[in-house]
Amino acid sequence: MKRVRIAVVGAGAMARSVYLPALAAISEEVILDTVVDIDQVKAEWAKERYGFRRAAAHVSEVREGDVEAALVITPVREGLDAHYEPVMELCRRGIYVLCEKPLTLSRRRLEQMAAQPTLMPIFNRRFTPVYQQARRLFCGESLQCLYAQKSGRGPVTRELLTNSIHILDVMRWMAGEVREVEAMALSEDPKQELALGALLRFASGAVGIFHMSRGAGQWVERLEATGHGRTVCVEAPHLVRWAFEDKVEEYRPDLNRWIMPAEAKFGFTPCLQRFLAWVRGIEPEAGITGPDAAQSYYLADRILRTAGLPGLDE
Ligand SMILES: NC(=O)c1ccc[n+]([C@@H]2O[C@H](COP(=O)([O-])OP(=O)(O)OC[C@H]3O[C@@H](n4cnc5c(N)ncnc54)[C@H](O)[C@@H]3O)[C@@H](O)[C@H]2O)c1
């Protein structure tokens with residue numbers, strides 16, 4: 001197998017806990033060329049620990065002759081938009097880019113990024129074993145109702161656009177595009193939605209119910225698809241249970257594994273491998289395209305605005 005020469009931009013928590021271990025686990029597929037971080041201590045640590053050829057402080061130091069693909073895992077939050085510059089610069093030089101969510105919080109920048117033909121935006125839930133199984137069992141026209149919940153403890157600024165967007169994207173991936181939106185929210189700070197409920201009408205006619213809370217006592221990610229006498233329930237990332245024709249069955253991805261690392265359970269490793277297959281030309285297009293991913297951001301924006309909250313920055 002041809003190994004892909006790769007750069008990693010951003011050597012923070014996600015790199016340390018998820019992506020660098022995942023890359024190390026598929027070392028037969030990649031050559032670790034350059035690690036970039038504005039914090040030289042982090043870049044040097046990653047170089048030494050994982051054996052990158054070079055450590056750099058800025059993306060301009062990534063050489064397109066040396067690198068075919070890059071992983072951008074810098075931060076994006078209110079007032080800090082650190083995906084845009086590296087993604088645009090790397091794509092301009094013809095380098096394939098896999099970029100973490102959220103791409104950006106700006107509508108104008110989102111449009112520019114989504115139009116880059118060498119960009120694959122990350123929505124790792126699409127590669128998560130439990131959601132893959134749920135979609136194999138039940139998606140598209142036969143789905144009549146789709147309920148999704150994402151809850152956690154404590155407020156997060158721009159929660160829907162930076163975090164709960166994962167599950168909105170799963171809803172689109174399973175049921176198709178949304179035509180109508182009704183939504184209500186509870187928030188003290190308009191950029192910190194504490195609770196949000198949305199009623200969605202998909203183009204197929206199916207009804208969607210989305211609910212998020214940051215006032216919860218525990219982390220929950222749950223999905224339930226129903227229609228034509230069938231139910232599929234997901235308790236992410238551990239369990240899918242389905243009831244078809246009076247028979248109930250279960251799938252637990254970690255049933256026979258003593259330890260299943262988070263990068264496998266939450267779909268990061270298969271997402272990375274799908275990206276590499278595209279870079280190598282084995283797959284004709286990105287596992288998720290820019291225009292497809294952008295639709296999930298536009299849906300989040302529409303829900304927020306319908307609920308009377310600020311959406312993407314204009
Ligand atoms: N998909 C998921 O489930 C998931 C979960 C958590 C985080 N994330 C995303 O991963 C990304 C990274 O999160 P994190 O927790 O590792 O953040 P972090 O702050 O721990 O790390 C980011 C790193 O990027 C570096 N950096 C900042 N600007 C840079 C620039 N212009 N060039 C090079 N390096 C730069 C920082 O010095 C830092 O080391 C975020 O976009 C976050 O939303 C995704």
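Both backbone and side-chain heavy atoms feed into the values below; hydrogens, waters and symmetry mates do not. Model, not experiment: these values are computed from the prediction. Residue indices begin at 1 and follow the sequence shown. Whatever order the structure lists ligands and atoms in, that order sets their numbers, starting from 1.
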inquiry  = If you measure every N or O of Glu85 against every N or O of ligand 1, does any of those distances drop under 3.5 Å?
reply    = no
task = Ignoring hydrogens, just give me the one of Gly12, Ser17, Pro75 whose non-hydrogen atom is nearest atom 24 (O) of ligand 1.
result = Pro75
key: Within-cut-off N or O pair, Ala13 and ligand 1, under 3.5 Å   = yes
message = Can you check which of Arg125, Met14, Lys101 brings a heavy atom nearest to atom 42 (C) of ligand 1?
response = Lys101
ask   = Short list, please: which atoms of ligand 1 are under 4.0 Å from a heavy atom of Lys42?
value = 38 (C), 39 (O)
ask   = Are Asp81 and Arg109 close enough for a salt bridge, meaning some N to O gap below 4.0 Å?
value = yes
request  = Output, in order, the C-alpha distance, side-chain angles, deciding distance and verdict of side-chain contact (heavy atoms from CB on, under 4.5 Å) for Arg179 and Phe202.
outcome  = CA-CA 5 Å; Arg179 289 283 172 263; Phe202 292 94; over 6 Å; no
ask   = Would you call Lys47 and Asp37 a salt bridge, using N to O less than 4.0 angstrom?
value = no
query = What residue and atom, counting heavy atoms only, is the protein's closest point to atom 28 (N) of ligand 1, and at what distance?
reply = Ile38 CD1, 3.6 Å
task = Could you say whether the N/O atoms of Thr74 and ligand 1 ever approach to under 3.5 Å?
result = yes
query = For Trp278, what residues pass the ring pair (Phe, Tyr, Trp, His ring centres under 6.0 Å) criterion, not counting sequence neighbours?
reply = Tyr96
request  = Would you kindly say whether Gln192 and Glu159 are connected by a side-chain donor-acceptor distance under 3.5 Å?
outcome  = no
message = Could you check whether any heavy atom of His166 sits closer than 4.0 Å to an atom of ligand 1, since that is the contact criterion I want to use?
response = yes
